[in-house]
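Please read the structure below before turning to the comments.
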Protein chains: 2
Amino acid sequence: MHHILSNLRIDINSSLFLKDPESSPLGQKIIKSSIDLIDHHGIEDFNFKKLALEIGSTESSIYRYFENKHRLLLYLSSLYWGIIEFQLVLQTNNLEPGMAKLMKAVETLFAIPQTDKLSFSVEGKKLRHILNAEFVKAYHNKHIDEQNKKGYFSIYKRVVLRLSDIIIEVNPEYKFSNSLSSLIIEGSMNQYFLSEHFHNLTDCHSEDNLYVFYKDLLTQTLKI
Amino acid sequence: MHHILSNLRIDINSSLFLKDPESSPLGQKIIKSSIDLIDHHGIEDFNFKKLALEIGSTESSIYRYFENKHRLLLYLSSLYWGIIEFQLVLQTNNLEPGMAKLMKAVETLFAIPQTDKLSFSVEGKKLRHILNAEFVKAYHNKHIDEQNKKGYFSIYKRVVLRLSDIIIEVNPEYKFSNSLSSLIIEGSMNQYFLSEHFHNLTDCHSEDNLYVFYKDLLTQTLKI
DNA sequence: CAAAAGTAATAGTATTACTATCAATATAGT
DNA sequence: ACTATATTGATAGTAATACTATTACTTTTG
């Protein structure tokens, strides 16, 4: 039902899975190997048959953990945003409101999620790559409203709203904090994607460039 | 091979179709009805069987025009961006470089594509809705690099670069014009999407709000 | 009016996503 | 050690989808 990270727990909506993957070696292998496979071949070329082959199990066994691969992607997304949220809080909650805090938050949002204290082994770099490449597919889907109601995106939404709060602290007069927050977060995933596939549509080919781009954008936009 | 718009032609990459849909009544019905159906039910619930039923034809007949539904989506995307590009040029090429020109460009990018001078009937509002909802799926796909090489996204890319050029005119010192342009364009589609499905993650629930949000963002960011 | 092109009708294949059933194995409690 | 229970493996099968193939009918064109 949740991941333990030191003594902090990441609560993943339990209706995303049929059986908690953390609770067994097979479940843990499912998570670990699905990240490897999706990272390497993309979600479209990924299915439970291939995953079963990879971990030396069977399709039917995997179906006992997840209803389908889309739920698994939502699980991985929640895991990712849960770690990011934890890091965001950890890095910023003791800082004074202001641009320095906001930029610390932005930096944290792009950082590789720290997975070493998770109860099972997950490669943070691969997890981030999956999210950058595939997260849009997690919500651009015909069941979005129904799934949203069930809370499958709540961690992600909380992250957007937390960044929005930090924006508001910088400039309480600013009227578009939610839009700016979502623009920044969605935008960063998209800029990664562009850098990989439509190289000349972005100037940000490294985290550093993206950081500078956003720092300038935010500093100018939120000037009082 | 192209759409006639007064005397301007929108060249759509001819390898996107097997047989030009403009060239026959059936082809025109395919375009018109696919827009209606995708607009109404989304791309996931759309297939050539349903389309055939809708227009009183057969699956095999439709397959003579398009290899698959993804190509059809790419065709519709090219049609959309082609119209937008035309409008963008029309509205801005006689303006003096500067913020007024940039904001005119931004306004044009969100506007409903004018389809009345097209050689066949297409509802601009529906076409825009499809793009806002489904365009990400046109390029978040495992064949992206191969398709990009074939030029399936060239009109879209040209639009991003045109906006980037207008940004540069405002402030020639600005180092992130490509990123800013793609952020604006992708962002606007995303803000529409958020307004529809994750209401509280955006403050832009109308074109006017989005315009104000961007105007402020751009004015501040590009200040010399 | 004949040739050609375009379309309809029908059937069929391959793949994918998912379900059902039952046997084998491991684990836990007594 | 023995039984009940949970977990996984093995196998088969279903339904839907995306796409292909073939043939016949209809319309257009020279």
Side-chain angles (χ1 to χ4, degrees), chain A residues 1 14-34 37-38 41-76 120 134 137-138 140-143 146-147, chain B residues 1 14-34 37-38 41-76 119-120 134 137-138 141-143 146-147:
Chain A
M1 198 146 337
S14 64
S15 53
L16 280 176
F17 49 78
L18 299 168
K19 182 171 155 62
D20 189 349
E22 250 186 309
S23 69
S24 74
L26 179 61
Q28 295 175 17
K29 272 198 277 180
I30 289 171
I31 300 304
K32 200 216 167 310
S33 293
S34 66
L37 288 178
I38 298 172
H41 303 293
I43 190 88
E44 280 155 294
D45 275 334
F46 169 85
N47 60 40
F48 284 179
K49 202 168 195 169
K50 289 179 185 174
L51 177 59
L53 195 72
E54 174 80 12
I55 62 184
S57 180
T58 61
E59 245 183 304
S60 54
S61 297
I62 296 170
Y63 273 107
R64 280 195 204 90
Y65 285 83
F66 292 99
E67 228 172 297
N68 52 52
K69 76 170 173 183
H70 187 256
R71 291 289 168 92
L72 173 55
L73 179 60
L74 290 175
Y75 180 92
L76 297 179
F120 51 33
E134 318 284 3
K137 293 170 198 162
H140 270 99
N141 131 16
K142 62 179 171 177
H143 302 297
E146 173 196 329
Q147 295 183 339
Chain B
M1 200 148 333
S14 64
S15 53
L16 280 175
F17 48 79
L18 299 168
K19 184 172 152 63
D20 189 348
E22 250 186 309
S23 70
S24 75
L26 180 59
Q28 295 176 17
K29 272 198 276 180
I30 288 172
I31 300 304
K32 199 214 167 312
S33 293
S34 65
L37 288 178
I38 298 173
H41 303 291
I43 191 89
E44 282 155 294
D45 276 334
F46 169 86
N47 60 40
F48 284 179
K49 201 167 195 170
K50 290 179 184 172
L51 177 58
L53 194 74
E54 174 80 12
I55 62 184
S57 181
T58 61
E59 246 184 304
S60 53
S61 298
I62 296 169
Y63 274 107
R64 275 194 213 92
Y65 286 82
F66 293 99
E67 228 171 297
N68 53 52
K69 77 170 172 182
H70 187 257
R71 293 287 169 93
L72 173 55
L73 179 60
L74 289 175
Y75 181 93
L76 297 179
S119 70
F120 51 32
E134 319 283 3
K137 293 170 198 164
N141 133 17
K142 61 178 170 176
H143 303 297
E146 174 196 330
Q147 295 184 339

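The chains referred to below are lettered A, B, ... by the order of the sequence lines, with proteins before strands, and numbering in each begins at 1.
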Okay, side chain of [X], backbone of [Y]: is any donor-acceptor separation there less than 3.5 Å?
X: B:E134; Y: B:I43; answer: yes
X: B:E44; Y: A:K142; answer: yes
X: B:S34; Y: B:I30; answer: yes
X: A:K50; Y: A:D45; answer: yes
X: B:H70; Y: B:A138; answer: yes
X: A:Q28; Y: A:E22; answer: yes

In whole angstrom, give the distance that lies between atom [atom1] of [X] and atom [atom2] of [N].
X: A:K50; N: C:dT15; atom1: NZ; atom2: C1'; answer: 11 Å
X: B:I62; N: D:dC19; atom1: CD1; atom2: P; answer: 13 Å
X: B:K142; N: C:dT15; atom1: NZ; atom2: C1'; answer: 11 Å
X: B:Q28; N: C:dG6; atom1: CD; atom2: C1'; answer: 15 Å
X: A:N47; N: D:dA16; atom1: CG; atom2: P; answer: 20 Å
X: A:Y63; N: D:dA10; atom1: OH; atom2: P; answer: 18 Å
X: B:L72; N: D:dA18; atom1: CG; atom2: C1'; answer: 14 Å
X: A:L26; N: D:dT8; atom1: CG; atom2: P; answer: 5 Å

With a 4.0 Å limit, can you tell me whether [X] has a side-chain N or O closer than that to the phosphate oxygens OP1/OP2 of [N]?
X: A:K49; N: C:dT16; value: no
X: A:N68; N: C:dA17; value: no
X: A:S61; N: D:dG9; value: yes

Does the side chain of B:F46 come within less than 4.5 Å of B:L72's, by heavy atoms?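 Contact flag for B:L72/B:F46 side chains = yes.
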Which nucleotide in the set [options] lies at the smallest distance from any side-chain heavy atom of [X]?
X: B:S57; options: D:dG9, D:dT7, C:dA8; value: C:dA8
X: A:R64; options: C:dA8, C:dA20, C:dC22; value: C:dC22
X: B:S24; options: C:dA8, D:dA18, C:dT7; value: C:dT7

How is B:K19 classified with respect to the nucleic acid when contacts are heavy atoms under 4.0 Å: base, sugar-phosphate, or nothing?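 Since only primed, P, OP1 and OP2 atoms lie under 4.0 Å of B:K19, the category is sugar-phosphate.
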Heavy atoms under 4.0 Å, any strand shown: does A:G56 hit a base, just sugar-phosphate, or nothing? sugar-phosphate
Between A:K69 and B:T58, just flag the one whose closest nucleotide in DNA chain C comes earlier from the 5' side.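 Its nearest nucleotide lies further toward 5', so the answer is B:T58.
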If the test is side chain to side chain contact (heavy atoms under 4.5 Å, CB included), which one of A:L16, A:L26, A:I31, A:I62 qualifies with A:P21?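 So, applying the side chain to side chain contact (heavy atoms under 4.5 Å, CB included) to A:P21 and each of A:L16, A:L26, A:I31, A:I62, only A:I31 qualifies.
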Let me spell it out: for each of A:Y65 and A:E59, pick the nucleotide of DNA chain D with the closest heavy atom. Which residue's pick is nearer the 5' end? A:Y65
Using C1' atoms of five pairs at each end, report the bend of the helix from C:dC1-D:dG30 to C:dT30-D:dA1 rounded to 10 degrees.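 End-to-end axis angle: 20°.
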